[in-house]
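These notes are about the structure you will find just below.
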Amino acid sequence: MRPMTQPPQPPLPACAPAADTSDEGRYLALLARDARFDGHFFTGVTSTGIYCRPVCAVRTPRRDNCRFFTLAAQAERAGFRPCLRCRPELAPQALRWSLQDASAVLVQQAVRLLDAPELWAPAPQQAAQAAQAGHPGAVARLAQRLGVSDRHLRRIFEAALGVSPLQYLQTRRLLTAKQLLTDTTMPVTDIALASGFASLRRFNAAFAGHYRLNPTQLRRSGADAAAPTQCSDASVITPAQRSGASATPMQRSDTSATATQRSGTNATAMQRSGASATAMQRSGASATATQRSGASATAGHTGELRLAWRPPLDVAALLAFFARRQLHGVEWVLPDGAGPILRRTVRLAPGCTGQPREIIGWISARFDGSRHLLLLQASDSLYPVLPLVIRRVRALLDLDADPAAINAVLHPHFPQGDGLRLPGAFDGFELAVRAVLGQQVTLAAARTLGQRLVERLGQTIATPWPELHRLFPSPATLAATDGAVLGQMGIVRQRQAAIVALARAVDGGQLALHDGADPEKTTAALCALPGIGDWTAQYIAMRVLRWPDAFPSGDVALHKALGLQGQKNPARAATAAAQAWRPWRSYALLRAWAGAAAQA
């Protein structure tokens, strides 16, 4: 097999366990099974044709049988298939930030958007064309969104990462489908549609072509994980066999009726496997799927979806942050018990899901610190959009953060905060409204105002727990709310205007509040709304847009933590001091807050 050219690697921070980014350094990390490198590289084993995470519990392969890749897509392009034991789809994303290199910034934005499930499926008007053309529209829409040509995007993407945008997208969709096959009992058809494939037939063909298995075979193989003595795969194929296995994948895609019955699918699902299902059909695929998106969301049969993170992670501090701000009925933090748990109700608008109506439900996230895993449960109503739910939960809890890179910059300034993560938001609009309510008032006062808003205007929802029974008001609800109603809750006139203007901008589509939005353009649009200034816009950029370098320089708590409150212009002094923290000023702000709270 022709060796693949490795893309250039950024240097590891000094506090990382191995400063060597060569293949020898990676092999040492593989020997140590160091979770701090999880997601930073993948190891392809030539003797088995499988690629693994560095934390894989199987017997470590010989050095001369290992090839190292930065991305899962690179390993799959080289002909390797994902390990069924360590499951590369669970690895944290390797986020890299650049503030100066224009090409690096563009590639970074492209990767973030390709990771977003909203971009995977074609728009309804493009459904028929996409089903016939193999889904090429996603990359074209990505280039249009980034303001560049398809050709330019492909050129710089391949130069930086060694794979094309379409190859990267295909790997992301297939790995997501692999996770849903392994961790849930969802029908294969629903998994194919949720993962962005236009039809089950195309999904089966892609799966067989990449993994030498069809989905039902992988589901059975996942249930019977191989012993931890070798890389797990249902059928180990050597590189020689791999190069000559042209007909086998397609033969394997034709499963027998017995195999189909064992996987839990019925005759109807088998018939659907050969039929083309457009995106328009997907939005209303079956009566069952429609019922699952309804208001009653008490059941939860998705199983436990596993989401990994890189240590260290201060779970207690993260959940304490949410507990101090939780709104009763909407959120519920359980810091003790078998494992710390965060539960909440969720709402997903049609604009971000591609579904014909909004989807509501609940999530329950339990932390397993010993395995560096988050165990996520979701209501059945969230079945059609589980990839989107997974992405938002990862952002909510900052599971993709790279502590080694962050601590290399911030540890000299904030040595006590190495395990702190930046709390995000599941719903960007909800967080933005709560940020407005928190302007120039105490945390307790902001929480009281938010509680009144939920009790007066929030929709009721059924969940397995009486502590969760409300949804935060939707943009449409608040956009139509009279200022007098908000005034009755104790919300002052300036914030009434800000909330209504914010709701109308989001409901009308003029303002997007999610982690793929451009930080500079979004903060400028926020500041153009009445009653929203720089502090609120930067706070929203920090928690909603997931911008690690957001910095509300006028924050009073920050001035106090830095001892600047007595200066003539503390905001300017804070900005000057924060230059040493870039590009992680958002994390520095969180550590400054934590340090001030500890001294109080």
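What you are looking at is a predicted structure, and each value in this text was computed from that prediction instead of being measured.
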Side chain to side chain contact (heavy atoms under 4.5 Å, CB included) evaluation trace for Val346 with Val389: CA-CA 9 Å; Val346 298; Val389 171; 5.8 Å; no
Nearest heavy-atom pair of [X] and [Y]: which atoms, and what distance?
X: Tyr27; Y: Pro61; value: OH-O, 2.7 Å
X: Gly209; Y: Arg212; value: O-NH1, 2.8 Å
X: Leu114; Y: Pro165; value: CD1-O, 3.8 Å
X: Arg391; Y: Pro117; value: CD-CD, 3.3 Å
X: Cys52; Y: Cys83; value: SG-CB, 3.6 Å
X: Leu545; Y: Asp518; value: CD1-O, 4.4 Å

Pair Gln109-Arg112, side-chain donor/acceptor within less than 3.5 Å: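 The criterion, which ignores hydrogens and geometry beyond distance, is not satisfied for Arg112 and Gln109.
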Evaluation steps, side chain to side chain contact (heavy atoms under 4.5 Å, CB included), between Gln538 and Asp555: CA-CA 10 Å; Gln538 291 293 321; Asp555 185 77; over 6 Å; no
Has [X] got a side-chain atom pairing as donor or acceptor with [Y]'s backbone, closer than 3.5 angstrom?
X: Ser586; Y: Ala550; value: yes
X: Arg53; Y: Pro88; value: no
X: Gln179; Y: Leu90; value: no
X: Arg421; Y: Pro312; value: yes
X: Thr523; Y: Glu520; value: yes
X: Arg394; Y: Ala308; value: yes
X: Glu24; Y: Ser22; value: no

Are [X] and [Y] packed together at the side-chain level, in the sense that at least one heavy-atom pair is separated by less than 4.5 angstrom?
X: Phe41; Y: Thr70; answer: no
X: Leu511; Y: Leu502; answer: yes
X: Glu89; Y: Leu174; answer: no
X: Gln93; Y: Asp115; answer: yes
X: Phe69; Y: Phe80; answer: yes
X: Met542; Y: Arg585; answer: no
X: Asp398; Y: Tyr587; answer: yes
X: Thr182; Y: Leu218; answer: yes

Does the distance from a Lys or Arg side-chain N to an Asp or Glu carboxylate O, for [X] and [Y], drop under 4.0 Å?
X: Asp34; Y: Arg310; result: no
X: Glu158; Y: Arg154; result: no
X: Asp183; Y: Arg87; result: yes

Intermediate values then yes/no, side chain to side chain contact (heavy atoms under 4.5 Å, CB included), Leu84 and Lys178: CA-CA 9 Å; Leu84 298 185; Lys178 180 177 177 295; 3.6 Å; yes
Interatomic spacing from [atom1] in [X] to [atom2] in [Y] - rounded to 0.5 Å:
X: Leu180; Y: Leu305; atom1: CG; atom2: CG; result: 6.5 Å
X: Leu397; Y: Leu313; atom1: CG; atom2: CG; result: 8.5 Å
X: Leu30; Y: Phe42; atom1: CG; atom2: CZ; result: 12.5 Å
X: Ile191; Y: Leu181; atom1: CD1; atom2: CG; result: 4.0 Å
X: Leu166; Y: Leu153; atom1: CG; atom2: CG; result: 11.0 Å
X: Leu113; Y: Leu169; atom1: CG; atom2: CG; result: 11.5 Å

Test log, rule side-chain hydrogen bond (donor to acceptor under 3.5 Å, both in side chains), inputs Arg173 and Gln170: CA-CA 5 Å; Arg173 295 190 310 184; Gln170 188 80 323; 2.6 Å; yes
Pairing residues for Phe207 by the ring pair (Phe, Tyr, Trp, His ring centres under 6.0 Å) criterion, not counting sequence neighbours: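 Ring pair (Phe, Tyr, Trp, His ring centres under 6.0 Å) list for Phe207, sorted by chain: Phe203, Tyr211.
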Non-neighbouring partners of Asp427 that pass salt bridge (charged side-chain N to carboxylate O under 4.0 Å, His left out), sequence neighbours left out: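 Applying salt bridge (charged side-chain N to carboxylate O under 4.0 Å, His left out) to Asp427 gives none.
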Residues that Asp507 engages under salt bridge (charged side-chain N to carboxylate O under 4.0 Å, His left out), provided they are two or more places apart: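 Partners of Asp507 by the salt bridge (charged side-chain N to carboxylate O under 4.0 Å, His left out) criterion come out as none, since no residue qualifies.
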Working for side chain to side chain contact (heavy atoms under 4.5 Å, CB included), residues Asp402 and His40: CA-CA 9 Å; Asp402 183 1; His40 281 303; 2.9 Å; yes
Qualifying residue for side-chain hydrogen bond (donor to acceptor under 3.5 Å, both in side chains) with Tyr51, from Glu76, Arg81, Arg67: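 Exactly one candidate clears the test, Glu76.
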Phe37 six-ring centre to Arg26 NZ/CZ under 6.0 Å and within 45° of normal: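 Checked: cation-pi criterion not met.
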More than 12 heavy atoms from other groups under 6.0 Å of CZ on Arg572: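 No - once you tally the heavy atoms of other residues, nucleotides and ligands closer than 6.0 Å, there are 12 at most.
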